[in-house]
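Nothing here was measured: the structure is a model prediction, and the numbers come from that model.
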Amino acid sequence: MEFWDHLFLFKRLYDQTMEPIAQRWDLTRMELDILLFLANAPAYDTAADIVERRRLTKSHVSVSIHSLVRRGWLERSYLPGNRKSAHLRLLPASAPAVADGQAAQAALRVQLSQGMTAAERAALESAITRIGENLRLALKGDA
């Protein structure tokens, strides 16, 4: 049961870390998560990518994207001949909030790896990557 407890604690600490950033920039947590997702994974730039990779509700993602577009923090664009899939691009107005969020993520990563050697950090990164791959494989039919 310890593994599950650690997952719960990590989520709680991450939420506590991100909430002040969201408040500082007058964002919902979903809006902040979308901005950080787009900044951290630029190859995945559609609402469908966000829904699939973050396992979020389509309607919540849609409402948050609409809000960010209205604020001038995101831009939608379409590939020629494809008006169905909007590609999302962060606009300069989002940069300060994104920088704050990424700095908080980096500080959390440092905090969580205190006392670890470089080899231990590398092993942890490798294990987390493998767990992520296994999770995606296990959920593949659950899209």
Side-chain angles (χ1 to χ4, degrees), residues 1-79 82 84-143:
M1 186 68 162
E2 194 172 288
F3 176 79
W4 307 114
D5 291 339
H6 292 166
L7 283 178
F8 175 76
L9 289 173
F10 173 78
K11 173 144 178 37
R12 214 166 109 197
L13 180 59
Y14 186 82
D15 289 344
Q16 286 177 2
T17 301
M18 290 297 133
E19 189 57 36
I21 309 290
Q23 288 177 2
R24 182 177 312 131
W25 293 100
D26 193 29
L27 295 166
T28 65
R29 275 299 312 284
M30 177 77 69
E31 291 167 343
L32 179 59
D33 288 346
I34 288 169
L35 292 173
L36 291 172
F37 176 84
L38 292 169
N40 294 335
Y44 300 98
D45 67 348
T46 67
D49 291 333
I50 296 167
V51 168
E52 180 183 336
R53 295 195 59 89
R54 290 291 180 252
R55 308 307 258 187
L56 301 171
T57 308
K58 288 180 187 180
S59 60
H60 290 129
V61 170
S62 179
V63 167
S64 295
I65 288 172
H66 183 72
S67 172
L68 291 165
V69 167
R70 215 177 29 238
R71 286 180 72 165
W73 288 29
L74 270 187
E75 176 181 74
R76 289 184 187 106
S77 65
Y78 298 88
L79 297 176
N82 182 355
K84 188 174 180 175
S85 293
H87 293 268
L88 304 169
R89 184 173 69 88
L90 295 171
L91 294 176
S94 69
V98 168
D100 274 0
Q102 287 178 320
Q105 287 175 330
L108 184 57
R109 179 175 284 141
V110 168
Q111 182 181 14
L112 293 176
S113 63
Q114 284 180 359
M116 289 183 176
T117 65
E120 289 171 328
R121 282 192 300 277
L124 177 61
E125 288 291 329
S126 177
I128 288 172
T129 299
R130 172 59 60 200
I131 289 170
E133 291 167 358
N134 290 342
L135 287 167
R136 280 184 185 64
L137 284 172
L139 290 170
K140 205 151 196 99
D142 186 35

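Between the side chain of S94 and the main chain of L91, a donor-acceptor pair closer than 3.5 Å is present. No donor-acceptor pair closer than 3.5 Å links the side chain of S126 to the backbone N or O of A122.
Using a 4.5 Å cut-off on side-chain heavy atoms (C-beta onward), M30 and V63 make no contact. Side-chain contact check for W25 versus L35: every heavy-atom pair is 4.5 Å or farther apart. Looking at N40 and Q105, their side chains come closer than 4.5 Å, going by heavy atoms from C-beta outward. At a threshold of 4.5 Å between non-hydrogen side-chain atoms, the residues L88 and R76 count as touching. Annotation: side chain of L79 is not in contact with side chain of S85 (no heavy-atom distance under 4.5 Å). Between M18 and L36, some side-chain heavy-atom pair lies under the 4.5 Å cut-off.
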Could you check L112 against F10 for side-chain contact (heavy atoms from CB on, under 4.5 Å), going step by step and ending with a plain yes or no? CA-CA 9 Å; L112 293 176; F10 173 78; 3.5 Å; yes
Run the side-chain contact (heavy atoms from CB on, under 4.5 Å) test on D15 and R29 for me, step by step, so that the C-alpha distance in whole Å, both residues' side-chain angles and the decisive distance to 0.1 Å come before the verdict. CA-CA 9 Å; D15 289 344; R29 275 299 312 284; 3.0 Å; yes
I would like to know whether L68 and L27 meet side-chain contact (heavy atoms from CB on, under 4.5 Å); could you show each step before the answer? CA-CA 9 Å; L68 291 165; L27 295 166; 3.9 Å; yes
Checking side-chain contact (heavy atoms from CB on, under 4.5 Å) for the pair S67/E31: CA distance, chi angles, key distance, verdict? CA-CA 8 Å; S67 172; E31 291 167 343; 2.7 Å; yes
Let's go through R136 and E133 carefully: what are the C-alpha distance in whole Å and the side-chain angles of both, what is the deciding distance for salt bridge (charged side-chain N to carboxylate O under 4.0 Å, His left out) to 0.1 Å, and is it a yes or a no? CA-CA 5 Å; R136 280 184 185 64; E133 291 167 358; over 6 Å; no
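Judged as a side chain to side chain contact (heavy atoms under 4.5 Å, CB included), and not counting sequence neighbours, the contacts of A41 are F37, Y44.
A distance of 11.5 Å separates CG in L13 from NZ in K11, rounded to the nearest 0.5 Å. To the nearest 0.5 Å, atoms CD (Q23) and CG (L32) are separated by 11.0 Å. Distance check: T28 OG1 to E19 CD gives 9.5 Å after rounding to the nearest 0.5 Å. Atoms CG and OG1, from L124 and T129 in turn, are 9.0 Å apart once rounded to the nearest 0.5 Å.
Closest approach of A93 and G72 over heavy atoms only: CB-O, 3.5 Å. The minimum heavy-atom distance between A104 and T17, with the atom names listed, is CB-CG2, 3.8 Å. Of all the heavy atoms in G101 and I21, the pair that sits closest is N-CG2, 3.9 Å.
Legend: salt bridge (Lys or Arg N to Asp or Glu O under 4.0 Å) pairs involving residues 109-127, not counting sequence neighbours: none detected.
Checking each of D33, I50, D49, T46 against L38 for a side-chain contact (heavy atoms from CB on, under 4.5 Å) leaves exactly one that passes, namely I50.
Crowding of H87 atom NE2: a count of heavy atoms from other residues, nucleotides or ligands under 6.0 Å exceeding 12.
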